[in-house]
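Notes for the one structure printed next.
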2 protein chains.
Amino acid sequence: MPQSRPRIIPEATVARLAVYLRVLAGLADGGRSHVSSGELASAAGVNPAGLRKDLSYLGPCGVRGVGYSVSGLRDRLTDALGGERSRPCVLIGIGRLGSALADYAGFASRGFEFVGLLDTDPATVGHRVGGLQVRPVQELEAVVAETHATIGVITTPAEVAQSVCDRLVSVGVRSILNFAPVALTVPAGVDVRKVDLSVELQVLAFLDQQRDGTPPLLAPLRPAQGVAR
Amino acid sequence: MPQSRPRIIPEATVARLAVYLRVLAGLADGGRSHVSSGELASAAGVNPAGLRKDLSYLGPCGVRGVGYSVSGLRDRLTDALGGERSRPCVLIGIGRLGSALADYAGFASRGFEFVGLLDTDPATVGHRVGGLQVRPVQELEAVVAETHATIGVITTPAEVAQSVCDRLVSVGVRSILNFAPVALTVPAGVDVRKVDLSVELQVLAFLDQQRDGTPPLLAPLRPAQGVAR
DNA sequence: GCGACTTTGTTCAGGCGTTCACAAGCGGTT
DNA sequence: AACCGCTTGTGAACGCCTGAACAAAGTCGC
């Protein structure tokens, strides 16, 4: 029964596959030829059984009693995640964060290349950032058309993020990474991932407060304490 | 029955509460006094029923038939997420990303203040970034002690992230936001949140490929195709 | 003052993701 | 050639979160 891969891969698994791939790259550099699921899982910070389940979505790719071939697994993961072909990206909003992303080495090494940087501020337009010249945002459609960019990264202020998003979608960009603190509305068939930095900090603050504050709540020493009202 | 709040709030809910809080701030600036769950949910990009469930963890805070008081709900959310008190943070690794975070306005407006910037590079140490002078990473323990920082943000290269993390934990920091592409190991009682930018892009790339590639996979036209082997 | 409409708060079912535990399979050894 | 230990792959249970339907409750209009 040669059913190739009828299963669908959960998005949470996909995210972890990317992590495994990075760990494998490190192991390959270290000259390792084989890894066990336990070692790989510990390096990636996940449960070994979960890791095996994640990998099983790609079909059997290990050898029982031995483990996984580092190079073999790396190739298979690379393939599953979209191959090695370079993915052209456009970045809109060249502020501090945008500039940092524009020449973040971690992207280029994984096949993501910025082919267009756009901003509204005349003081920013024309500057070189990460080997690329910033162009006025009016040229967004032209840049996407001439570079065939497939991914758009939005690091604009929140107020203009939706309009930038709409323009990206209108010229065929179907993958958007949004750093602006707003919920973008997109038609079906377009994927948006949101990274919200202050939310991350706020969750940490909550957990911190909970650590200090919930012991009294979970195990109230004095029920009749001054919890007025 | 004056049971205060026996329930525990799921982490996913906490993250959304932070989003609601930001939306409410915008509504308050716009002069709105009341909102319905539907409107708030649409602005936050979530389901109305889910929003009401999220808010119900804080106890009843709306008025049936009317909606939620913007200022009242904002105060209650602010309180639930840790109050308005300023949270001192230290940032280790003042590269491009670190610099961008150091003077990201979105943090300060939510009560997160960087009180220490640290780096190893002598060329970076001493520079002013976001109104603060970068200090050598050797002084990490001293900086945490004198500023009483409770949150550590790591934007170093992956290789040194774990050692920086260990040092933060050793001086009492129990909340860590990690941008380095490694899984940090911490003792129980310490919370780590990880932001992995290239994973986000890789997930987008996968979804993009899946959109184009899976139709043949999900609905195989020819089961007996050349799936040799 | 009463009724009807609106909106919240809650309860219920469904799906998804994670975890544990076991059987299958391969290499090395005797 | 057969056995033993090790590791993968998978099946099932558990728990969490999400999405929808219903009841309570308050307000506005008459």
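Predicted model only: the values in this text are computed from it and were never measured. Labels below follow one simple rule: chain letters A, B, ... track the order of the sequence lines, proteins then strands, and each chain is numbered from 1.
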What pairs of residues pass the side-chain hydrogen bond (donor to acceptor under 3.5 Å, both in side chains) test when at least one of them lies in residues 24-34 of chain A, not counting sequence neighbours? A:Arg32-A:Glu39
B:Ile9 CD1 to D:dC17 P, in whole Å, measures 12 Å
Using atom OH of A:Tyr68 as one end and atom C1' of C:dC26 as the other, report the distance to the nearest whole Å. 14 Å
Restricting to side-chain hydrogen bond (donor to acceptor under 3.5 Å, both in side chains), what partner residues turn up for A:Arg174, sequence neighbours left out? B:Asp212
Please check the phosphate of D:dT7 (OP1 and OP2 only) for any side-chain N or O of A:Ser36 closer than 4.0 Å. no
Holding to side-chain contact (heavy atoms from CB on, under 4.5 Å), I want the full list of residues that pass it with B:Ala41, two or more places apart in sequence or in another chain. B:Val46, B:Pro48, B:Leu51
Rounded to whole Å, CZ of B:Arg52 lies from P of D:dC22 at a distance of 14 Å
Atom-to-atom span, CG of A:Leu55 to C1' of D:dT7 - whole angstrom: 13 Å
For A:Asn47, which residues count as a side-chain hydrogen bond (donor to acceptor under 3.5 Å, both in side chains) partner, sequence neighbours excluded? none
Look at A:Ser56 and D:dG9 and indicate whether a side-chain polar atom (N or O) is within less than 4.0 Å of OP1 or OP2. no
Could you tell me how far apart A:Arg76 (CZ) and D:dG9 (C1') are, to the nearest whole angstrom? 13 Å
Run the side-chain contact (heavy atoms from CB on, under 4.5 Å) test against A:Thr150 and tell me which residues pass, sequence neighbours left out. A:Pro88, B:Asp208
Which residues satisfy the side-chain hydrogen bond (donor to acceptor under 3.5 Å, both in side chains) test with A:Ser36, sequence neighbours excluded? none
Going by side-chain hydrogen bond (donor to acceptor under 3.5 Å, both in side chains), name the residues that satisfy it together with A:Arg52, two or more places apart in sequence or in a different chain. A:Ser37
For B:Glu84, look at atom CD and say whether over 12 heavy atoms of other residues, nucleotides or ligands are found less than 6.0 Å away. no
Rounded to the nearest angstrom, tell me the gap between atom CD in B:Glu39 and atom C1' in C:dT6. 15 Å
Residues, nucleotides or ligands: over 12 heavy atoms within 6.0 Å of A:Arg76 CZ: yes
Output one line per pair: protein atom, nucleotide atom from nucleotides 17-20 of chain C, and distance, for all N/O pairs under 3.5 Å.
from   : atom 1 : to      : atom 2 : distance (Å)
C:dT18 : OP1    : A:Arg16 : NH1    : 2.6
C:dT18 : OP2    : A:Arg16 : NH1    : 3.4
C:dT18 : OP2    : A:Arg16 : NH2    : 2.6
C:dC20 : OP2    : A:Asn47 : ND2    : 3.2

So which protein nitrogen or oxygen atoms get under 3.5 Å of nucleotides 26-30 of chain D's nitrogens or oxygens?
none

